[in-house]
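Quick notes on the structure that follows.
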Amino acid sequence: MPLSCLTNSQRDTLLSEHGAWHLRADGKAIVRHFAFADFNTAFGFMTRVALQADKLDHHPEWSNVYNRVEITLTTHDVDGLSERDVALAQFIDVAAAAAGAG
Ligand code: H2B
């Protein structure tokens, strides 16, 4: 199946099942902020996400300042959200919980 944008109802499901994420103003991406105990924990989390992202061939837009991480998920190939963002958000939520994200 070719990659396509999520329908409005799929996007609403994504947002309700991943409550810590919010829709970017243009509706083409989701964003989540994380805070960890320290830099080591934050970077360990980022390392896990990076390896999974590369495995999925779907890469986050992100930034890190000491213990804080901000992640934006969007699919450049469809100029919006796709199932790949759902899959990566799912992995990120589990990894963040395991790393004690606040
Ligand atoms: N990551 C994201 N976030 N969106 C994409 O459309 C995308 C990607 N495309 N990673 C992939 C790589 C594509 O450029 C390569 C060629 O598969």
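Whatever order the structure lists them in is the order used to number ligands and atoms, beginning at 1. These numbers come from the heavy atoms of this one structure, side chains and all, not from hydrogens, waters or symmetry mates.
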Per-pair distances, 0.1 Å, donor-acceptor, side chain in residues 63-73, under 3.5 Å, sequence neighbours excluded:
from	atom 1	to	atom 2	distance (Å)
Asn64	ND2	Tyr66	O	3.0
Asn64	ND2	Arg68	O	3.0
Asn67	ND2	Phe36	O	2.8
Glu70	OE1	His33	NE2	3.1

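- One finds the CG atom of Asp12 at 8.0 Å from the OG1 atom of Thr7 (value rounded to the nearest 0.5 Å).
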Distance-only donor-acceptor hits, side chain of residues 41-48, under 3.5 Å, sequence neighbours excluded:
from	atom 1	to	atom 2	distance (Å)
Thr41	OG1	Asp38	OD1	2.6
Thr47	OG1	Phe43	O	2.7

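- Ligand 1 is surrounded by Asp57, His58, His59, Thr74, Thr75, His76, Asp77, each with at least one heavy atom closer than 4.0 Å.
- At a threshold of 4.5 Å between non-hydrogen side-chain atoms, the residues His59 and Leu88 do not count as touching.
- Val78 belongs to a hydrophobic cluster whose remaining members, ordered by chain and number, are Leu3; membership requires side-chain heavy atoms of ILVMFWY residues under 4.5 Å apart, directly or through intermediates.
- Side-chain polar atoms of His76 and Glu61 form a donor-acceptor pair below 3.5 angstrom.
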